[in-house]
S.K.: 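One structure is given below, represented as structure tokens, and several questions about it will come after.
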2 protein chains.
Amino acid sequence: MTEQLVAVFAALGDDTRWSILLALGEGDASASALAERLPVTRQAIAKHLAVLEQVGVVDSHRVGRELRWSVLGSRLGDTARELDRIGAEWDRRLAAIKRIAEGL
Amino acid sequence: MTEQLVAVFAALGDDTRWSILLALGEGDASASALAERLPVTRQAIAKHLAVLEQVGVVDSHRVGRELRWSVLGSRLGDTARELDRIGAEWDRRLAAIKRIAEGL
DNA sequence: GCTTAATGCAACCCTCGGGTTGCACATATG
DNA sequence: CATATGTGCAACCCGAGGGTTGCATTAAGC
């Protein structure tokens with residue numbers, strides 16, 4: 001779980017992926033539909049969605065013959081809470097921090 | 001502002017940088033001191049510190065002829081709050097969309 | 001059954017960045 | 001002053017990954 005933290009940050013550290021998340025914020029959409037709104041190809045979007053899915057920020061479900069993707073805001077909330085916890089404890093120099101992030 | 005957010009995530013999306021932050025969590029240290037504890041060269045660490053400094057996660061101050069680095073936990077807290085806000089916003093919008101789709 | 005529109009897969013290009021070595025410079029300290 | 005230690009800078013290597021094109025495949029809808 002916490003070992004995934006760094007992977008989540010890495011996934012969120014890309015502009016194109018944020019533009020995808022942004023677009024999905026206005027409603028679920030397929031990779032093809034997203035490709036029509038964004039300046040990248042469908043294949044590139046598909047790769048990004050795979051990355052986002054891997055860290056659990058995004059989810060897919062079939063509708064007819066297309067794959068619709070949706071954002072899991074709760075996952076972002078979870079990540080935020082973890083980060084906040086780490087930041088708070090850092091200032092207090094707690095040894096617990098080490099335990100949390102050492103699952104690498 | 002969001003531009004900077006993505007940069008922070010990108011900075012936090014690297015294992016080596018987390019190991020540096022971890023080490024700094026046990027007390028301020030110079031790049032050279034960190035290089036003795038970590039399996040990378042001082043120059044590599046210096047680069048990472050520059051990245052972390054750029055996004056405001058880390059800070060430096062001179063002590064004699066060495067540069068000591070320290071973590072700014074508050075910056076992580078700020079980032080976490082923004083992320084949490086975004087995540088909540090996402091859930092809110094998607095819930096609204098769902099309501100609309102259900103004809104309410 | 002045929003066509004159309006969607007996804008899946010693979011090869012390829014090229015930039016970015018993590019890491020290294022090597023050396024020059026600066027500053028405590030004997 | 002001389003030396004050792006810490007920093008700064010530059011060139012270089014190389015693998016990862018963001019992006020592309022091309023084609024195969026699958027599944028609706030007529």
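Throughout, a chain's letter reflects where its sequence line sits, starting with A, and its residues are numbered from 1. If you're wondering where the values come from, they're calculated on a predicted model, not measured in any experiment. The analysis underlying the following values was restricted to heavy atoms, covering all of them including side chains, and did not include hydrogens, waters or symmetry mates.
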S.K.: What is the distance, to the nearest angstrom, from the CD atom on B:Glu53 to the C1' atom on D:dT7?
M.R.: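 In whole Å, D:dT7 C1' and B:Glu53 CD are 14 Å from each other.
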S.K.: Taking atom P of D:dT7 as reference, at what distance in whole Å does atom NE2 of B:His61 sit?
M.R.: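 Roughly 12 Å, once rounded to whole Å.
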S.K.: Specify the separation, in whole Å, of atom CD1 of A:Ile45 and atom P of C:dC9.
M.R.: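 Value for this atom pair: 18 Å.
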S.K.: For the pair B:Arg92 and B:Glu89, evaluate salt bridge (Lys or Arg N to Asp or Glu O under 4.0 Å) and give the outcome as yes or no after the intermediate values.
M.R.: CA-CA 5 Å; B:Arg92 191 187 63 72; B:Glu89 167 79 2; 3.4 Å; yes
S.K.: Please determine if a side-chain N or O atom of B:Thr41 lies less than 4.0 Å away from the OP1 or OP2 oxygen of C:dG19.
M.R.: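 So the side-chain polar atoms of B:Thr41 never come under 4.0 Å of the phosphate oxygens OP1 or OP2 of C:dG19.
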S.K.: Could you check whether A:Ala31 gets within reach of a base, just the sugar-phosphate, or nothing at all, counting any heavy atom under 4.0 Å?
M.R.: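 Contact class for A:Ala31: sugar-phosphate only.
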S.K.: How long is the line joining CZ of A:Arg42 and C1' of D:dT26, in whole Å?
M.R.: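 Checked: the CZ to C1' distance equals 12 Å.
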S.K.: To the nearest angstrom, how far is B:Glu66 atom CD from C:dC25 atom C1'?
M.R.: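 My rounded result for the distance is 17 Å.
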S.K.: Got a sec: does the CD of B:Glu66 have more than 12 other heavy atoms crowding it under 6.0 Å?
M.R.: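 Count over threshold, so yes.
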S.K.: Looking only at the side chain of A:Val40 (C-beta and beyond, no hydrogens), which of the listed nucleotides C:dA5, D:dT20, D:dG6 gets closest?
M.R.: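 My answer, after comparing the listed nucleotides, is D:dT20.
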S.K.: When the distance from CD of A:Glu36 to P of C:dA6 is rounded to whole Å, what number comes out?
M.R.: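 Going from CD in A:Glu36 over to P in C:dA6 covers 7 Å.
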S.K.: Reckon A:His48 has a side-chain N or O less than 4.0 Å from the OP1 or OP2 of D:dG19?
M.R.: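 Yes.
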S.K.: Separation of B:Trp18 atom CH2 from C:dG18 atom C1', in whole Å?
M.R.: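 My rounded result for the distance is 18 Å.
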S.K.: Both A:Arg65 and A:Gln43 contact DNA chain C. Taking the nearest nucleotide for each, which residue is further toward the 5' end?
M.R.: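 Counting from the 5' end, the first nearest nucleotide belongs to A:Arg65.
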S.K.: Look at B:Arg17 and C:dG18 and indicate whether a side-chain polar atom (N or O) is within less than 4.0 Å of OP1 or OP2.
M.R.: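 It does, given that an N or O in the side chain of B:Arg17 lies less than 4.0 Å from OP1 or OP2 of C:dG18.
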S.K.: Nearest of C:dT20, D:dT7, D:dT20 to any side-chain atom of B:Lys47?
M.R.: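 Nucleotide nearest to B:Lys47's side chain: C:dT20.
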S.K.: Could you tell me how far apart A:Leu49 (CG) and D:dG18 (C1') are, to the nearest whole angstrom?
M.R.: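 That distance rounds to 14 Å.
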S.K.: Testing the basics here: between B:Ala35 and B:Thr41, what is the closest heavy-atom pair and its distance to 0.1 Å?
M.R.: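 Taking B:Ala35 first and B:Thr41 second, the nearest heavy atoms are CB-C, 4.2 Å.
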S.K.: Mind checking whether B:Trp18 and A:Trp90 have parallel, tilted or perpendicular rings, split at 30° and 60°?
M.R.: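 Tilted, since the angle between the ring planes falls between 30° and 60°.
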S.K.: So, does B:Ser32 get its side chain near the phosphate of D:dT5, meaning an N or O under 4.0 Å from OP1 or OP2?
M.R.: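 No, no such contact exists.
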S.K.: Closest nucleotide of DNA chain D for A:Asp14 versus for A:Gly64: which of these residues is on the 5' side?
M.R.: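 On the 5' side of the pair lies A:Asp14.
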S.K.: Please determine whether salt bridge (Lys or Arg N to Asp or Glu O under 4.0 Å) holds for the pair A:Asp84 and A:Arg81, giving the CA-CA distance in whole Å, both sets of side-chain angles, and the decisive distance to 0.1 Å.
M.R.: CA-CA 5 Å; A:Asp84 184 58; A:Arg81 258 181 296 286; over 6 Å; no
